[in-house]
Amino acid sequence: MKRFFRGVGKFILGFLALIILFIPIYVYFNRGVITGYAAKKMCTCVFMADRVPQTVTDQDFNIFPNSLTIKNAETIIDSSSRVVTASFWGKEQQAVFREGLGCALVHEGKRPDRGFSPSYFQSALDSDTLLWPKGNLIQDTTFIEIEWDSLDRAVAAGFDPPGAEPDLMTRAVVVVYKDFIVAEKYAEGFDASMPQHGWSMGKSIANALIGILVRDSLVDIYEPIGIDSWQNDGRNMITWDHLLRMSSGLEWNEGYFGSSDVTSMLFEHSNMGAYAASLPLDTPPDSSWNYSSGTTNILSLLMQEKFPSQEAYWHFPYDSLFAQIGMKESFLEADASGHYVLSSFAWATPRDWARFGMLFLHDGVWQGKRILPEGWVDYTISPTPTTSGFYGAQFWLNKGERKMAPDLPDDAYCARGHDGQRVYIIPSYDLVVVRLGLKNMDDNEFIKGILGAIQQ
């Protein structure tokens with residue numbers, strides 16, 4: 001028996017030794033991701049969201065696994081040239097700010113310094129003088145039949161209690177019921193006017209932009225796309241619909257722990273859509289589902305082809321979507337080639353994210369004006385055939401075997417991003433719930449508490 005335990009002990013010690021040896025090797029070969037993430041995130045937080053640099057290090061870089069790697073990267077901010085340099089274990093990367101396009105990493109020494117000025121920002125009315133949802137003046141809502149104390153408790157449950165160790169790390173919650181903001185709460189250091197990172201909620205913005213192109217007869221989502229390099233193999237059958245539904249069949253690895261297709265795309269390539277489009281087929285189109293940030297950036301690449309110039313493409317989201325629904329403090333970041341990174345780099349204030357949810361809640365109509373074509377929202381929330389019902393077209397659904405939140409109604413759907421970014425849309429309750437933060441939380445319990453406070 002003693003021999004057995006000695007053997008087990010040796011095995012455990014040997015296993016631990018392998019882990020200790022593996023970690024520095026793993027970190028060394030992922031220095032590009034570490035420095036790219038640190039430079040890019042710090043650049044946007046400082047120059048676009050007006051964050052204090054130390055709070056980015058202490059908060060955004062200090063959650064697991066970032067706390068093991070990215071927190072230890074040294075970042076140097078050059079405010080005059082609006083460049084952030086990150087270095088770690090001999091590897092260095094720079095991110096540069098460009099007017100209207102956000103921050104992008106410098107690749108092969110080629111600084112992407114061209115930008116533009118979104119025209120609607122200059123001409124937009126002062127949103128602080130207009131009533132919600134056109135502006136930011138909040139109406140009296142005491143006439144609405146809600147269990148107000150219960151609602152306050154439900155929203156507060158989504159935040160860390162005062163004095164507690166950070167656990168939920170929620171930064172903002174906005175609850176819109178019957179088009180009124182009925183609850184709103186922010187963590188210390190954040191407020192209604194600060195844009196926050198939506199990560200993959202940008203995919204849902206991509207959906208809306210393509211819907212507008214469909215409305216204007218510029219895109220037929222069921223026609224093969226026609227990329228030249230795809231014409232001599234099975235990729236020539238891929239449609240916009242396949243890309244929207246993540247069923248293109250293109251080879252893709254969405255792993256974030258180490259080198260993968262998604263980390264290579266985000267931190268090593270100047271033209272992210274072109275990189276994703278260069279990958280071969282893994283399965284025939286429309287035969288399987290595979291979550292892929294790459295396919296969304298292919299969509300962004302294809303969108304530019306619908307405009308006479310790059311500047312017309314740059315103006316498109318602002319003029320055709322953001323300006324139309326009052327998302328005045330929202331922005332999209334582009335890669336070094338000038339293509340919007342719709343898979344990952346969309347920023348908006350919590351109220352602007354709520355406005356975006358309201359557009360879909362009302363079938364693509366905003367204040368009586370149709371923004372998305374008739375039938376587009378129904379298309380968006382129709383389950384992708386290659387799933388059990390949990391995914392539509394760049395939105396997550398509360399259907400099938402992999403429900404997001406089993407206690408929520410089946411008609412609930414969601415724009416969903418990394419680290420628990422959420423815009424929940426629940427038509428049967430006339431409800432939009434926005435939650436932004438640094439960690440995933442129990443969506444089911446959180447939203448269920450809010451639903452319980454609403455009188456049906």
Side-chain angles (χ1 to χ4, degrees), residues 27-28 30-62 66-67 69-118 121 189 194-199 202 262-275 297 300 310-311 313-314 317-318 329-348 418 438:
V27 170
Y28 180 84
N30 285 282
R31 294 171 302 155
V33 174
I34 293 166
T35 53
Y37 183 100
K40 171 70 182 61
K41 185 77 168 182
M42 183 65 78
C43 182
T44 307
C45 286
V46 171
F47 296 122
M48 297 295 288
D50 200 25
R51 295 270 306 277
V52 175
Q54 193 60 49
T55 67
V56 180
T57 302
D58 293 343
Q59 297 175 18
D60 301 59
F61 294 174
N62 198 31
N66 295 355
S67 55
T69 53
I70 295 167
K71 185 182 179 182
N72 297 306
E74 180 184 8
T75 54
I76 299 173
I77 302 168
D78 185 339
S79 298
S80 60
S81 60
R82 295 193 285 190
V83 171
V84 174
T85 303
S87 57
F88 182 76
W89 284 13
K91 177 72 174 180
E92 182 177 284
Q93 287 208 72
Q94 287 189 326
V96 57
F97 168 80
R98 304 146 303 163
E99 188 69 35
L101 298 177
C103 294
L105 294 173
V106 176
H107 295 283
E108 299 175 352
K110 299 176 182 178
R111 174 172 168 160
D113 54 4
R114 184 183 172 214
F116 81 113
S117 179
F121 284 119
M194 180 182 287
Q196 295 195 42
H197 197 172
W199 285 107
V262 69
T263 56
S264 179
M265 176 185 72
L266 292 177
F267 303 113
E268 296 176 357
H269 289 272
S270 59
N271 189 325
M272 299 186 193
Y275 165 71
N297 289 328
S300 183
Q310 191 168 51
E311 285 223 0
Y313 161 77
W314 287 342
Y318 296 95
E329 296 170 284
S330 305
F331 61 90
L332 304 175
E333 295 187 277
D335 62 20
S337 71
H339 294 94
Y340 287 122
V341 187
L342 293 171
S343 70
S344 313
F345 297 148
W347 294 68
H418 179 59
L438 272 182

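With contacts defined as side-chain heavy-atom distances shorter than 4.5 Å, the pair Ser300/Val341 does not qualify. In this structure, the side chains of Tyr275 and Glu268 stay at 4.5 Å or more apart for every pair of heavy atoms. The shortest side-chain heavy-atom distance between Glu99 and Arg82 falls under the 4.5 Å cut-off. A 4.5 Å side-chain heavy-atom check between Phe47 and Ile77 finds at least one atom pair inside the cut-off. Taking the side chain as every heavy atom from C-beta outward, Val84 and Lys41 never approach each other to under 4.5 Å. Counting only heavy atoms from C-beta outward, the side chains of Glu311 and Arg114 approach each other to under 4.5 Å. Taking the side chain as every heavy atom from C-beta outward, Asn271 and His339 approach each other to under 4.5 Å. Considering only heavy atoms from C-beta on, Trp347 stays 4.5 Å or farther from Met48 through its side chain.
For the atom pair CZ of Phe345 and CG of Leu266, the computed distance is 5.0 Å after rounding to the nearest 0.5 Å. For the atom pair Thr44 OG1 and His197 NE2, the distance stands at 7.5 Å (nearest 0.5 Å). For the atom pair CD (Glu74) and OG1 (Thr85), the distance works out to 9.5 Å, reported to the nearest 0.5 Å. The CD atom of Gln196 sits 11.5 Å away from atom OG of Ser330, with the distance rounded to the nearest 0.5 Å. Rounding to the nearest 0.5 angstrom, the gap separating the CE atom in Met42 from the CZ atom in Arg51 is 8.5 Å. To the nearest 0.5 Å, atoms OG (Ser343) and CE (Met272) are separated by 7.0 Å.
Nearest heavy-atom pair across Ile34 and Ile70 is CG2-CA, 4.0 Å. In terms of heavy atoms, Thr75 sits closest to Ala86 at CG2-CB, 4.0 Å. In this structure, Ala39 and Leu105 approach most closely via the heavy-atom pair CB-CD2, 4.2 Å. The two residues Gly100 and Pro118 come nearest to each other via the heavy atoms CA-CD, 4.1 Å. Taking both residues in full, the closest heavy atoms of Asn62 and Asp58 are given as CB-O, 2.9 Å, listed atom of the first, atom of the second, then distance. For the pair Thr35 and Gly32, the tightest heavy-atom approach, listed with the atom from each and the gap, is OG1-O, 3.4 Å.
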Between Thr55 and Gln59, is the side chain to side chain donor-acceptor pair (under 3.5 Å) condition met? List the steps.
CA-CA 6 Å; Thr55 67; Gln59 297 175 18; 5.0 Å; no
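None of Gln94, Glu333, Gln93 except one satisfies the side chain to side chain donor-acceptor pair (under 3.5 Å) rule with Lys40; the exception is Glu333.
Ring geometry for Tyr37 against Trp199 counts as parallel: the plane angle stays under 30°, on a 0 to 90° scale with 60° as the upper cut.
For Tyr313, the ring pair (Phe, Tyr, Trp, His ring centres under 6.0 Å) partners are Tyr340, not counting sequence neighbours.
In terms of modelled atom types and a separation under 3.5 Å, the side chain of Arg111 and the main chain of Val96 share no donor-acceptor contact.
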